[in-house]
Amino acid sequence: MENNIPHESAAKHVSGEAVYVDDILVNDQLLVGRVVYSSHAHAKVKSFDLSQAKKVPGVHMVMCFQDIPGHNQMGPVVKDEICLAIDEVTFVGQAIFLIAAETEEQCINAERLIKVEYEPFEAILTLEKAIEKNLLLGPPSTIKRGDVDSALKKAPHTLRGELRTGAQEHWYLESQVCLCIPGEGREINVYSSTQHPSETQALIAELLGIGKHEVIVEVRRMGGAFGGKETQANHTACWTALLCWATKRPVKIRLFRDDDMKITGKRHRFLSKYEVGFDDEGKLLTAKFELNSDGGAAVDLSFAIMQRAMLHADNAYYIPDFSVMGRVFKTNLPSNTAFRGFGGPQGMAVIETVIDRVARYLKKDPAEIRVKNFYGLESNNVTHYGETIENNRLFMIYEQLITSSEYHNRRRSVNEFNASNEFFKKGLAITPVKFGISFTTSFLNQAGALVIIYKDGSILVNHGGTEMGQGLHTKIQQVAAAELGVSLDRVKVNATNTSKVPNTSATAASAGADLNGMAVKNAIDILKSRIAETMAHIFSEQYHDDPTFRDSIVFENDSIIDSKHPNRRVSFTEAIPLLHLHQVPLSATGFYKTPNIGWDKQKGFGKPFHYYAFGMAVTEVLLDILTGHHTIVRTDILHDVGDSLNEGIDIGQVEGGYIQGVGWCTTEEIKWDDKGNLMTHSPDTYKIPSVQDIPRDFRTALLRGVPNPDTIRKSKAVAEPPLMLALSCWLAIKDAISAVANHQFEPEFSLPATNEVILLSIEKLKKNMEERITLDFVVQR
Amino acid sequence: MQTSITFVLDDKLQTIDCASSGWITPTTTALNYLRGLPTHKGVKEGCAEGDCGACTVVLGELGNDRTIRYKSVDACLVLLPMLHGKQVITVENLRTDRGELHPVQDAMVETNGSQCGYCTPGFIMSMFSLYKNRDHPSRAEIEDALTGNLCRCTGYKPIVEAAAKSCVHRGLDHFSEREPHVVELLESISKESIHLRTSNQLYMKPASVQEAITLKHQHADAIIVCGATDVALRITKKHELLEKIIDVSDLSELKTIAESEAGVSIGAGASLSDIMPVAEKNFPALYSMLTVFGSQQIRNLASLGGNLGTASPIGDMLPVLIAYHARVTLESLDGRREIPINTFITGYRKTLRRSDELITAIVIPNLNGGIVVRSYKISKRKDLDISTVNGSFRLELDGNQEVKAIMLVYGGMAERVKQAETCERFLLGKRWVRKTIENAMPLMEKDFSPISDARAGTEMRTVAAKNLLMKFWGETTGALIDNQLLSM
């Protein structure tokens, strides 16, 4: 297969020719839509007056909940998200009214004339408060193996503590956007920047009270998504569809950046508690985790996210007696949602903190503690939820990376540096990632495709996955071309469209290429089998004496060939019209469901994952202890993608994921004020990494020679896992802080490690040194 | 006087008369104008506040030598009349007539520099500007050129590689071939003053300082625009209707940088980019602040006059100018006066400038031997971020290494820029040794009670203010800082 090809849209990206929803040319009937949202975190809507707003010239429609023809609902899983508020608002940013006008200015003028009378209620704005009041969004769950409490009692050493990990804004460059164009009758054509066109379609149909067959959702590409458009693109799409239905005109809503940041959910912030028991060598014996997340005002995907956090609280480590409890709390903030890693990062941050603390406690290098606790190849290889880890790559990666990154030499130089510098400290850390691939809601692991061969021999591939920059369409194009033995330029991957491939799952869980690649292959296999049968027949008619059997027909070099009689060949271009004459159906649907997985949510036991993706990173930082600024001096990554479908794309995913994770771990800090208003609502105050923040020396490699059995062309998913490699950066910063007190004290630390967290942690260490107080949380036995 | 504006777009003169063209107003941003055309949808909106660079375009400005200077700018911060007399280049213009990609585009494809592609046109334009201005740029130069562009997908490495790979042709490309033609077009555009009047707006673009002062006299309520990087936010983010504007951004008289033995006089309208060479030579602390100020796209627009005139509480240039004892020159029909910068700003967005006055220059005296000025900035992100705390310090020691004079000027510690006066008094006459500094640090708590906000809390700000004094001491004595590190 042709491997190293650029992204199929690369030339369009660099020339500005790639069309995003906001770029679609629409006739001059287009109206601009706007959502008017709550300014209170929790309040009763006592009354409102839209009459003045409706009078603004150019305004075509001002809508409220009463104007919804169907079901006033846009919750994706649980129906707890009202599309337009009725008499109560539960977060700042909740939609109450919609406006459509000829210009944006008219919309804004109308919005200024809407009068709403609120009666404020008490708002819950912190996770601590929600925990205190026990405001659960649903029942808690536990995954458990062994008897943790007695194991903790028996353990030679124990540590306990808590960890806060922060929210993260997706900051896709293209904010939420949707364009709806009315068709005839009840038809509506929806151009949405969504990761989940089928769900967008379903919610719009229910909202408008029409059949799904009246709604067509199309996605050419998204300008980034990262999970932020898995469920929450639905909101903008629903609002747009309502305005389109009400005005019978094309309507577009594009959220202004600040509105997008205020309205939409984020990565869940977690407050986690841990207690761990270990031996003198640092081998983990038992652990008891309590994970608490801030779900926001509605369920959204919070329980699936908590579940993934619980399933990744072990990360790469075998813990004999282990229990993880997870609870999702309700607050008066926008409902938090999917974000690359989907709970995995929050779960892993806890166990990596544990390992780091154990190492500091035992005065050992954390790398040594990590490798000592890795899941084994033959034994100690079953997770706390009962899945056996097959094809464990941890040791292979660790050994290669420790050598290639010169970890041990650099550990020595870091120590020497720290001994001779007071105002600058260096830190070094290696962290692993083991990430389970599959939706943990098992039935979602299915995909469909529709492959069409036109009479000129050109091929149009439709599949259920959406393109958000991850290169899915490029990989699908490669797979289709390789399976059909044709050149890449013959294959075009169509915009994702619910009328071509129906009832799809979201493009999520890193599984886009795994699922859709297989579905496309399945469709092509069907086509090839039909073609082979007829071609065998055609060849046999030409050569009566020695027939061609269908099994010997092969597809390669843009030709269809009898492999037993290589002179019997016909070019793809010539073959297709011939097959059409022979009445061979030249389009086929394909389907795939992931085999051999099964997961009992209630028992917390089973095999939720088809396989695991592995990776590791070594990060070295230089910390200015007077300003709290850090520089990533060097990062080495070795990541496992099986047999890569496209190395350029996969390395891009690994590097990009790492840097996005670095943002979560360092500068990206979300703050709300005491009224529930988002304070960090624009890039002015919310800081994602810039080009200056990347490692000065950035070395990324893919693990070679490790094909993944039973996946499309032996590849592995990539997307999410590399994000968590950034925990090495976070812990390298902690290592540098710890060096201020010569690693004698456990530094206070949380995530993100902003320069505020860093400076205050250093102040605390300095005080500890002055007062010579002993380690805070340690219980030594 | 003209009542329309003219610029070059797609190699053709484009004239816009706001009075007669429906949706375009004098304060329409270049971004909204370009996106309103069917042919320039490649210019993307990511934030509409100059923080993401997705809307980066390049402006070609005619130099005195009849060549064109190419400058990257954020189209969201450019008001349409600011395009007058310039060439506007967008991502759509980069392919050759034969459809070939420009070298910077080719390189981006080759290095996998695009993933979702939404930020890509902006990166391409910043890279194009770099291509035209620097041959074989260093990594630092590449990063500086790209700091104003955010990418959420790639992790930037392939983009840096693309810049390094492509900017190697001495800036030659199809724009070089067509430059004489464009120069002719630009020369044909009238330099007369412009008045754009609509039913509710008046936008004046005077042709001389004298005219600007006269207009300001007549229209005391008019907003002065000099670069627009702050004013544009009132339009894009607050949706304010700005009724009267006097735009002095393009007055060449305000762009003069005059060096003398006493110091340097910097025209209020000189862009921050234009100031950087003289700052690097004469005022290193100013230079170091400029290097972490905004992005190249912003520095190409923003001016010192604008930065001081808006008196924004988060104006990062102020502390360092105070530490350099800079003065502001104001002009009106009554004449000219100079005010020391530390008294110029009187409160939140308030200054001593009378409503009929125009800031025309900032004068920075050269330092006498022995005086040290340094500036420091602490921000959540090192670049393209506004200070959480910044400090600019001025020190003069006597022969006994005792403090003869000291200024500790802080931003981010109070409602406006403020000196740590208690600390300063304490330090005066003391020996410049570590013990002195350690004794001075706690006094910061007497000088400041900083706020807690989106950027940081009170405690962190206080710690940071103390630490910066220690850092200053360390750097002036050279005792404890490894110099190799400072370059990292």
Side-chain angles (χ1 to χ4, degrees), chain A residues 6-7 9-11 13-18 20 23 25 103 108 171-174 222-224 257-258 421-424 468-471 622 626-629 631 648-649 652 655-656 658-660 667 669 671 679-680 682-685 687-688 690-694 698 754-756 759-760 763, chain B residues 23 38 41-42 46-49 51-52 54 91-92 94-95 101 105 108-110 112 114-121 124 143 146-147 150 152-158 160 237 239 378 380-386 454-457 459-460 463-464 467-468 470-471 474 480-482 485 488:
Chain A
H7 192 286
S9 290
H13 292 155
V14 300
S15 57
E17 291 155 13
Y20 301 80
D23 304 334
L25 296 179
T103 69
I108 291 162
W171 234 89
Y172 27 65
L173 262 284
E174 177 206 40
M222 284 167 269
R257 174 63 60 188
D258 295 47
N421 283 276
E422 181 184 357
F423 291 125
F424 288 90
M468 58 196 97
Q470 82 280 43
L622 172 68
L626 291 175
T627 62
H629 284 161
T631 301
I649 284 174
E655 289 174 350
Y658 173 82
I659 295 298
Q660 203 172 65
T667 56
E669 185 180 26
K671 282 188 182 175
M679 293 161 84
T680 47
S682 82
D684 174 29
T685 45
K687 308 314 269 189
I688 70 169
S690 85
V691 68
Q692 309 255 13
D693 299 317
I694 68 171
F698 197 177
T754 58
N755 47 12
E756 180 166 23
L759 286 182
L760 296 183
E763 283 302 294
Chain B
W23 60 279
K41 300 280 189 198
C47 69
E49 62 172 42
D51 271 311
C52 81
V91 70
E92 285 86 355
L94 258 58
R95 279 193 198 261
L101 295 176
Q105 294 174 311
M108 275 285 264
V109 172
E110 225 176 287
N112 294 294
S114 72
Q115 286 185 23
C116 86
Y118 206 80
C119 70
T120 312
I124 289 291
E143 289 184 339
L146 302 180
T147 294
L150 295 178
R152 193 55 152 164
C153 297
T154 62
Y156 300 101
K157 189 183 167 194
V160 173
K237 303 206 66 169
H239 303 285
I378 296 182
K380 205 176 273 178
R381 189 173 66 199
K382 278 175 290 182
D383 302 273
L384 185 48
D385 195 358
I386 286 158
R455 296 193 169 86
E459 195 186 350
M460 183 273 192
V463 170
N467 284 358
L468 287 186
M470 178 59 85
K471 198 169 181 64
L480 290 155
I481 308 291
D482 184 338
L485 289 171
M488 295 199 72

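Just so you know, these numbers come straight off a predicted model, no measurement behind them. Chain naming here is simple, since letters A, B, ... match the order of the sequence lines and numbering starts at 1 in each.
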Top residue by heavy-atom pair count (under 4.5 Å) with chain B, among [options]?
options	value
A:A18, A:P6, A:P683, A:S682	A:P683
A:I659, A:T667, A:T754, A:V691	A:V691
A:T685, A:I649, A:I694, A:L759	A:I694
A:G16, A:G224, A:G471, A:S9	A:G16
A:D258, A:D23, A:D693	A:D23

With a 4.5 angstrom heavy-atom cut-off, could you sort out which part of [X] is near chain A: side chain, backbone, both or neither?
X	result
B:A456	both
B:E143	both
B:N467	both
B:R381	both
B:V109	both
B:T154	backbone

Does the side chain of [X] reach to within under 4.5 Å of the side chain of [Y], using non-hydrogen atoms?
X	Y	value
A:S690	B:L384	no
A:D684	B:R455	yes
A:E655	B:P158	yes
B:K382	A:Q692	no

Given the options [options], which has more heavy-atom pairs under 4.5 Å with chain A than any of the others?
options	answer
B:G457, B:P38, B:A48	B:G457
B:E110, B:E92, B:E459, B:M108	B:E459
B:G42, B:A54, B:G155, B:A464	B:G155

Partner of B:Y118 by ring-ring contact (aromatic ring centres under 6.0 Å, His included), out of A:W171, A:Y172, A:Y20 =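 With B:Y118 as partner, ring-ring contact (aromatic ring centres under 6.0 Å, His included) holds for just one option, A:Y20.
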
Closest non-hydrogen atom pair, A:G223 against B:C116 =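 Closest heavy-atom pair between A:G223 and B:C116: C-SG, 3.3 Å.
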
For the residue pair A:L173 and B:C119, what are the closest heavy atoms and their distance?
->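 Scanning both residues, the minimum pair turns out to be CG-CB, 3.9 Å.
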
Is [X] close to chain B through its backbone or its side chain, or both, or neither, when contacts mean heavy atoms under 4.5 Å?
X	answer
A:I688	both
A:E669	both
A:H7	both
A:F698	both
A:E174	both

If you measure from [atom1] on [X] to [atom2] on [Y], what distance do you get to the nearest 0.5 Å?
X	Y	atom1	atom2	result
B:L94	A:S15	CG	OG	9.5 Å
B:M470	A:E422	CE	CD	7.0 Å
A:M468	B:Q115	CE	CD	11.5 Å

Judged by modelled atom types alone, do A:H13 and B:S114 share a side-chain donor-acceptor pair under 3.5 Å?
->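 Indeed, the side chains of A:H13 and B:S114 share at least one donor-acceptor pair under 3.5 Å.
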
Pick from B:I386, B:L150, B:D51: which one makes a side chain to side chain contact (heavy atoms under 4.5 Å, CB included) with A:K687?
->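 That would be B:D51.
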
Main-chain N/O of B:M460 paired to A:E756 side chain as donor or acceptor, under 3.5 Å =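 A pair under 3.5 Å: no.
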
Look at the side chain of B:K471 and the backbone N and O of A:T627, then say whether any donor-acceptor pair between them is shorter than 3.5 Å.
->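 No, B:K471 side chain to A:T627 backbone: no donor-acceptor pair under 3.5 Å.
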
